[in-house]
Amino acid sequence: MSEEKSLNFIEEIIEADLANGKYATILTRFPPEPNGYLHIGHAKSICLNFGLALKYGGKTNLRFDDTNPVKEETEYVDSIKEDVTWLGFSWANELYASDYFDQLHQFAVTLINKGLAYVEDSNADEIASLKGSPTEPGENSKNRDRSIEENLSLFAAMTEGKYQDGQKVLRAKIDMAANNMHMRDPIIYRIKHAHHHRTGDKWCIYPMYDFAHGQSDSIEKVTHSICTLEFIPHRELYDWFIEKLEIFPSKQYEFARLNVTYTVMSKRKLLQLVEEQYVQSWDDPRMPTISGMRRRGYTAESIRNFCERIGIAKRENLIDVSLLEFCVREDLNKLANRVMAVVDPVKLVITNYPEGQTEELVSENGPDDSYGTRIVPFSRELWIEREDFMEEPAKKWFRLAPGAMVRLKSAYIVKCDNFQKDPDGNVTEIHGTYITESKSGDDITGIKVKGTIHWVSVSHALQAEIRLYDRLFKVENPSQEEGDFKDYINPDSLQVIENAFVEPSLKNAALSTPYQFIRKGYFCLDKETTPGKLVFNRTVSLKDAWSKEVKKA
RNA sequence: UGGGUUAUGGUGUAACGGUAGCACUACAGAUUUUGAUUCUGUCAGUCUAGGUUCGAAACCUGGUAACCCAACCA
């Protein structure tokens with residue numbers, strides 16, 4: 001009956017864990033560090049973690065990994081919560097690694113008491129020089145064999161602020177010859193006299209990622225702790241701490257992070273784009289951030305569908321951005337009301353239409369009756385799209401040309417009689433005549449035209465600014481190219497059209513309402529719209545068979 | 001001169017030792033008052049060399065390639 005849908009490898013693990021009674025229910029977590037904005041790669045992780053819990057009747061915690069006070073801010077916490085909510089997910093608990101600082105500190109003392117941690121006096125360079133390399137073992141530190149008592153008192157002194165940043169660290173005592181570099185006596189606590197966004201000045205020592213993440217998972221009793229591939233080497237340490245501390249055995253699983261063509265995904269690179277003003281902000285519609293995509297008009301539904309379609313696996317991937325665009329169009333096609341807007345206007349005068357006359361034509365808002373209809377005013381002078389007229393028509397040209405006829409959408413068939421040009425050769429005005437009996441819905445002429453074009457009445461049109469976005473980079477994988485990724489930025493990723501015209505019904509356009517500008521694409525109102533000025537973003541263009549035809553020629 | 005992870009059409013992902021499937025892209029056609037949507041069809045794949053097996057994309061061995069690991073970042 002129902003189609004057997006294949007499981008990804010994490011679902012297989014979960015189903016096995018549930019089937020053999022290892023867990024009665026699952027708990028996942030989404031653990032961002034609040035040091036930047038979420039992007040589409042995070043969306044993959046969010047959809048995975050929350051989706052798994054939804055699918056298997058479990059829960060998901062939102063946990064902020066805030067163990068480095070110098071990089072983290074409440075501003076980011078707020079944006080992350082907004083983005084996760086917008087994507088359509090609810091967390092069971094809003095938690096912070098910093099909630100566990102007392103507990104984590106106690107864990108460190110436990111390790112010292114077990115002879116499994118020691119205070120290190122050496123500085124960063126000295127520690128690094130004894131660490132060895134992937135091909136050579138490291139050497140033990142001279143501080144490695146301090147007594148438990150000495151370690152205890154030194155760690156207490158660290159905690160009390162008796163030392164400067166960098167003077168001492170606490171290290172786990174594992175194996176300086178381990179193949180896994182993370183097992184070579186990793187640092188677990190460091191001194192930072194810094195203000196923390198939540199704990200303020202209570203602490204001057206902070207746990208490292210490896211001494212916070214797994215333990216936080218364990219404290220919350222997370223069953224499946226899912227992260228990206230680069231954390232594979234950390235898993236051995238993750239398990240080591242849990243084993244030595246004898247706490248709830250959360251398990252870490254890793255999947256391949258998302259890459260998308262024609263963009264970059266690392267926080268560092270995205271930050272550069274913002275700071276060096278290649279884009280205007282984190283929510284610039286060209287950015288692969290959740291906030292950028294939201295502003296551009298991508299729907300949460302389409303992003304969730306995208307994350308579903310790309311799948312979960314362990315191999316490196318570079319997803320074609322056209323799949324994302326497909327998902328956006330697929331959703332918007334269902335949602336968007338159709339309206340008419342002329343992006344690059346040229347005037348069409350219908351010489352046999354009475355001057356001063358206006359007709360209120362009825363136009364459908366979408367592909368079927370459920371979308372309803374609206375009134376569109378028609379008059380003698382119309383704006384039409386410059387690209388819909390061709391002085392010398394190409395082969396298979398269905399649009400306007402001298403002597404040719406087209407249907408004006410929801411209105412009349414019009415025949416082009418002549419046109420005017422300026423001294424530079426640009427067409428300035430087109431003249432035509434309409435066929436009176438060809439009114440949309442009441443056409444008794446029997447004339448078949450191949451083309452239908454959109455239009456707006458000159459005297460009724462609203463002026464608008466339209467922003468057209470293109471891919472941010474000129475190459476598929478900017479990070480992989482020679483040299484600086486910024487050398488591959490597409491200089492034409494934003495095209496601002498100040499002088500477009502839209503139909504009057506758009507006067508009351510609302511933010512977050514998607515529109516299809518017929519034959520041009522999906523658009524949404526931008527937040528920079530003011531009472532005197534409409535601003536629209538192009539979310540994504542429509543598929544365009546004609547432009548392909550042109551390319552072939 | 002170490003260790004780890006991964007190799008399936010252009011892209012992504014299935015096939016769990018038994019007919020290599022699905023989606024996107026590309027291409028062709030039908031429908032269309034959006035050259036959109038919808039519908040139909042086409043092209044195209046198991047990294048390599050051995051081995052195990054009646055049978056291998058899958059299991060084993062070698063090779064090759066890509067990515068990750070030596071932050072007081074996460």
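Residue numbers start from 1 in every chain, and the chains themselves are labelled A, B, ... in the order their sequence lines are given, proteins ahead of strands.
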Item to check | Donor-acceptor pair present, A:Ser440 side chain and B:U33 base, under 3.5 Å | outcome: yes
Checklist entry - Is a donor-acceptor pair below 3.5 Å formed from side chain A:Arg519 to base B:G35, judging by atom type as modelled? => result no
Applying side chain to side chain contact (heavy atoms under 4.5 Å, CB included), name anything that partners [X], two or more places apart in sequence or on another chain.
{"X": "A:Ser98", "value": "A:Asp66, A:Tyr96, A:Phe101, A:His196, A:Arg198, A:Thr199"}
{"X": "A:Tyr262", "value": "A:Val321, A:Arg471, A:Glu476"}
{"X": "A:Lys543", "value": "A:Arg329"}
{"X": "A:Ala177", "value": "A:Pro137, A:Asp175"}

Kindly write out the residues that satisfy ring-ring contact (aromatic ring centres under 6.0 Å, His included) with [X], not counting sequence neighbours, or none if the list is empty.
{"X": "A:His105", "answer": "A:Phe155, A:Trp203"}
{"X": "A:Tyr522", "answer": "none"}
{"X": "A:Trp240", "answer": "none"}

Counting any heavy atom closer than 4.0 Å, what does [X] reach on the DNA or RNA strands: base, sugar-phosphate only, or nothing?
{"X": "A:Gly441", "answer": "base"}
{"X": "A:Leu408", "answer": "nothing"}
{"X": "A:Arg184", "answer": "nothing"}
{"X": "A:Gln516", "answer": "base"}

Next on the checklist: Identify the stems formed by RNA chain B, where each pair is Watson-Crick or G-U wobble with both distances under 3.5 angstrom and a stem is at least 3 consecutive pairs.
Outcome noted: B:2-7 with B:64-69, B:10-13 with B:21-24, B:26-30 with B:38-42, B:47-51 with B:59-63
Checklist outcome for this item: Contacts of A:Glu481 meeting side-chain hydrogen bond (donor to acceptor under 3.5 Å, both in side chains) (sequence neighbours excluded), chain-then-number -> none
Next on the checklist: The criterion is side-chain hydrogen bond (donor to acceptor under 3.5 Å, both in side chains); which residues satisfy it with A:Lys439, sequence neighbours excluded?
Outcome noted: A:Glu359
Item to check | salt bridge (Lys or Arg N to Asp or Glu O under 4.0 Å) evaluation trace for A:Arg407 with A:Asp443 | outcome: CA-CA 11 Å; A:Arg407 159 79 59 185; A:Asp443 189 341; 2.7 Å; yes
Measuring from the side chain of [X] (C-beta onward, heavy atoms only), which nucleotide among [options] has the closest atom?
{"X": "A:Gln480", "options": "B:C67, B:A14, B:U33", "result": "B:C67"}
{"X": "A:Ile232", "options": "B:G4, B:G35, B:A15", "result": "B:G4"}
{"X": "A:Arg407", "options": "B:U1, B:U13, B:U33", "result": "B:U33"}

Item to check | Identified ring-ring contact (aromatic ring centres under 6.0 Å, His included) partner of A:Phe517 from the options A:Trp455, A:Phe523, A:Phe501 | outcome: A:Phe523
Checklist entry - How does each nucleotide of nucleotides 24-32 of chain B score, in 5' to 3' order, for protein heavy atoms under 4.0 Å: base (B), sugar-phosphate only (S), or none (-)? => result SSSSS----
Checklist entry - Nucleotide by nucleotide, 5' to 3', does protein get under 4.0 Å of the base (B), only the sugar-phosphate (S), or neither (-) in nucleotides 69-74 of chain B, counting heavy atoms? => result SB-BBB
Checklist entry - Taking for each residue the nucleotide of RNA chain B bearing the nearest heavy atom, is the 5' side occupied by A:Ile453 or by A:Ile310? => result A:Ile310
Next on the checklist: I want to confirm an ordering. Mapping A:Arg399 and A:Glu136 to their closest nucleotides on RNA chain B, which one lands closer to the 5' end?
Outcome noted: A:Glu136
